[in-house]
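Reviewing the structure listed below.
Computed from heavy atoms alone, side chains included, the values below leave out hydrogens, waters and symmetry copies. Atoms within a ligand are numbered from 1 in the order they appear, just like the ligands themselves. For this chain, numbers begin at 1 and follow the sequence in order.
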Amino acid sequence: MDVKGRKVIVRVDFNVPLDDQFRVTDDTRIRGTIPTIQYLIGKGAKVILLSHFERPLKNLLPNGELDKVRFSLNHVVPTLSALVGKKVDFFPDTIGEKVFQKINDLQDGDVILLENTRFYAGEEKGDVEFSKRLASLGEIYVNDAFGAAHRAHASTSVIANYFDADHKAFGFLMQSELENAKQVMDHPKRPFIAILGGAKVSDKILLIESLLDKADKIIIGGGMAYTFIRAQGGNTGKSLVEEDKLDLANELLAKAGKLGKRIELPSDSIAAEKFAPDALFKNVPSHEIPDGWMGLDIGLTARFEYTNHLQGAGTILWNGPMGVFEMESFSHGTKAIAHAVADVTKSGTFSLIGGGDSVAAIQQVGLADSVSFISTGGGAMLELLEGKTLPGVAAITG
Ligand code: 3PG
Ligand code: MG
């Protein structure tokens, strides 16, 4: 695409975590968009960045107004400018006459970030009028917002209707996310082992079904393990169990059996007296969690067994922590998996980490550079791996 001198709208996902001083605490998503932004700068485009940030309309001030301080995208500008290697301009609105004036003043190679798209209700509604107004800001539309590609919102999806096929494209982050997910799901080097964690089975049903077809083995940890263990008749104490998903858990186990595949459950757990960082805890068999205790991490044997399962893997997909890793006492299962994934990656395993919490875990142990690919998508990666077509992708490919 010839972008020289053109106004190029780039939809990015700068929905990043901030501390209480509004400083970016994890710049992974911003970093991911830098190749696209620098490419466009290098080609002499006028770069107009659009992004959402959190959910301002669901978190209004007590007086019913938008919290334009807390939810402003201006907080990411210092980090963004540093990563781009030049000053990125910011404008405190997203559409309208003043935005046009500002954009018309851009020189070739300039970059401007506009205000949070979710300050307008039309964004999440995918409103046609709002989408048209966004589209009118530029001549070319680039979608590099993989993290928001599962949303059929104005700036992620509907906007693309107002550009013909020669004037819209994926950015490099989107391209690499899609290629890596495809690599794992369509051409995995075998054996393909999936590690799934997180609190609830209900969030992962479609993923497990999709993986029963594609993976050779599924390793389960985190809160969701206890729904399976209870379904098998185990004593789970006051562990998190989704009572209404017990039949489903048994069906998934039966389906795996029929396919000759294994769903591995943790043979032991770290059980705690309460859900607290300072709780008393002990290592117990996962099927024998005492009354009044709750499983908050995989146990010592499970750590050892899971690490062994990963040896010799051709492909590993990891989504979701093995325990309550934000509490030190219950973080060791997740850390052990992080180390094991990094180790086997060194010997040639292709490893993809997706989902906010497992990504945070691998970063916490300083191993982010030791895995093959870290996805910037939580929900988006999940839906892609489930085999769904993402609205942000379909918008470009038609
Ligand atoms: C995310 O963080 O998951 C994406 O930025 C999408 O945000 P949302 O879940 O608020 O739509
Ligand atoms: Mg989210």
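- Applying the salt bridge (charged side-chain N to carboxylate O under 4.0 Å, His left out) test to residues at least two apart or on different chains, the pairs with a partner in residues 232-256 are Arg230-Glu243.
- The hydrophobic cluster around Leu296 extends to Ile270, Phe275, Phe281, Met294, Val324, Met327, Phe330, counting ILVMFWY residues whose side-chain heavy atoms fall within less than 4.5 Å of a member.
- Atoms of ligand 1 lying under 4.0 Å from at least one heavy atom of Asp13, given by number and element, are 4 (C), 5 (O).
- Using cut-offs of 30° and 60° for the angle between ring planes, the His75 and Phe22 rings count as parallel.
- Ligand 1 lies nowhere less than 4.0 angstrom from a heavy atom belonging to Glu124.
- A salt bridge is absent between Lys204 and Glu209: the closest approach of a Lys/Arg side-chain nitrogen to an acidic carboxylate oxygen does not fall below 4.0 angstrom.
- At distances below 3.5 Å, at least one donor-acceptor pair connects side-chain atoms of Thr94 with backbone N or O atoms of Glu115.
- With a 4.0 Å cut-off on non-hydrogen atoms, Arg118 touches ligand 1 through its side chain and not its backbone.
- Using a 4.0 Å cut-off between heavy atoms, His153 makes no contact with ligand 1 at all.
- Polar contact check, Asn15 against ligand 1: a nitrogen or oxygen pair lies under 3.5 Å apart.
- In this structure, Gly147 has a heavy atom closer than 4.0 Å to ligand 1.
- Contact annotation for Arg151 and ligand 1: only side-chain heavy atoms (C-beta onward) come within less than 4.0 Å of the ligand.
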